[in-house]
Amino acid sequence: MNAPLASLYPAHLAALRTRADRALELGGFDHLLIAAGTPPGKFLDDQDYPFVANPHFKHWLPLTDAPGSWIAYTPGMKPKLVFVQPRDYWHVAPQTPHGYWVEHFDIATVRSAGEAVAQLPKGRNAVIATACPAIDGVTINNPQPVLDYLHWHRSYKTPYELALMREASRIGARAHRAAEAAFRAGESEFGIHLAYLAAARQIDAELPYASIVGLNEHGAVLHYMHFDRTPPAEHRSFLIDAGASCAGYASDITRTYAAAGHGGFQALIDSMDAAQQSFAAKVRPGQSYPELHLHAHHAIADVLREHGFIRMSAGSAVESGVTSAFFPHGLGHSIGLQVHDVAGFQQDERGGNIPRPDGHPYLRMTRTLEPGMVVTIEPGLYFIDMLLAELRDKPVAADIDWATVDAFRPYGGIRIEDDVACTDGAPENLTRDAFARPD
Ligand code: GLY
Ligand code: MN
Ligand code: MN
């Protein structure tokens with residue numbers, strides 16, 4: 001059960017202030033200025049793309065709809081929010097700031113992004129922003145030492161952030177349940193997607209990433225974002241990778257289901273689920289994430305053997321690239337303000353890069369786990385025509401049971417993804433906990 005956000009927020013803000021103090025000192029700056037940003041405009045049009053706030057901005061306060069606004073922080077002083085609330089009868093203006101965080105900021109309300117700039121302190125400024133016309137007049141520098149320091153420490157979630165991530169998981173689990181029900185009711189991918197959005201009470205633009213809703217063979221397309229409007233002739237399987245947002249924090253959840261009467265595929269899902277849970281149980285301090293990824297390849301080789309896809313040792317399945325044909329992405333990534341959060345490869349608070357293991361180009365996380373980190377654990381097992389065709393041309397093809405592989409192609413594939421927090425003790429599985437709670 002979460003403590004109220006109001007009681008968790010002051011310590012979160014204090015942690016951010018301490019980090020900012022140190023980052024400014026390292027970079028030799030007086031002030032930290034963070035622009036929320038403005039929505040990019042469509043080419044030769046008067047429409048904008050959806051607004052997505054700068055993650056640094058959302059780190060300080062739970063304001064996701066504040067285009068043009070700024071946070072200005074000077075060590076030793078109360079942080080300032082320069083809040084843009086246009087006088088505009090064409091659009092709904094961002095709501096006047098309210099809630100548990102407001103008392104912790106000096107708030108200056110202005111009517112335009114241009115006026116906001118005039119409210120910013122002058123001096124040696126570290127300005128974290130993406131370029132946009134509305135902030136002409138401010139020199140954006142995104143200083144690397146400041147970013148490296150802040151990104152590194154963003155990996156360690158405060159109790160306040162964990163509370164928001166639990167809520168993002170809870171919303172996601174609720175919507176996943178609705179999606180499963182829509183699948184079992186025979187809906188199209190589009191219909192399932194609408195059921196998901198309705199249950200999440202979020203529109204597409206509010207989700208942390210574009211949902212993947214794949215029936216049957218479509219589960220084999222890793223980033224399938226098509227949404228067939230017509231139900232298929234038969235519902236065999238369903239892979240859904242969809243998250244939810246809470247105050248700028250993400251959940252990232254994947255589930256795979258077999259339709260009734262498809263026991264062979266259900267058995268394969270059950271084996272992958274057991275493997276996935278065993279990986280999630282290893283989210284503990286001192287666990288190297290790339291080693292966990294390599295361990296997952298061996299465990300998936302065992303699943304492939306157990307279900308009759310391969311006739312070789314797990315070791316040779318990994319070494320010969322067979323497991324990479326069935327599991328061609330990384331085990332997971334850091335998650336938080338961004339679904340693929342920053343600093344997954346960072347060596348320390350001064351930057352640097354921890355390379356991926358050879359032969360694993362899509363792994364997004366090479367760090368060793370520590371308390372406070374939240375990572376996804378998302379092993380997969382797919383039947384991808386292109387990768388299987390390449391495998392067929394290799395000598396190792398002789399030790400693959402192609403009839404079994406062909407029998408499973410109509411199911412597409414399996415991915416099971418949870419968001420797991422590393423603690424001092426047992427891992428906290430935000431996703432499983434959310435599914436275990438009633439709506
Ligand atoms: N949904 C994006 C991912 O799983 O990484
Ligand atoms: Mn993920
Ligand atoms: Mn995902």
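Counting starts at 1 for both ligands and their atoms, following the listed order. None of the values given here were measured: they were computed from a predicted structure.
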Set of residues satisfying side-chain contact (heavy atoms from CB on, under 4.5 Å) with respect to Thr254, sequence neighbours excluded: Leu239, Asp241, Arg415, Glu417

Any donor-acceptor pair under 3.5 Å from Ser334 side chain to Val375 backbone: no

Point-to-point distance, once rounded to the nearest 0.5 Å, from CZ of Phe326 to CD1 of Ile310: 7.5 Å

Summary of salt bridge (charged side-chain N to carboxylate O under 4.0 Å, His left out) pairs that have at least one residue in residues 332-349, sequence neighbours excluded: Arg154-Asp341, Lys157-Asp341

Tally, protein N/O/S atoms nearer to the Mn ion (ligand 2) than 2.8 Å: 4

Ring centre gap for Tyr149 and His153 strictly below 6.0 Å: yes

Geometric class of the Trp60/Phe105 ring pair [parallel <30°, tilted 30-60°, perpendicular >60°]: perpendicular

First-shell residues of ligand 1 [heavy atom, distance under 4.0 Å]: Tyr209, Asp241, Asp252, His333, His340, Glu378, Glu417

Between Phe57 and Trp70, ring centroids under 6.0 Å: no

Criterion salt bridge (charged side-chain N to carboxylate O under 4.0 Å, His left out) on Asp148 and Arg350, from CA distance to verdict: CA-CA 6 Å; Asp148 285 341; Arg350 290 180 181 260; over 6 Å; no

Pair Tyr362, His329: side-chain N/O donor-acceptor within cut-off below 3.5 Å: no

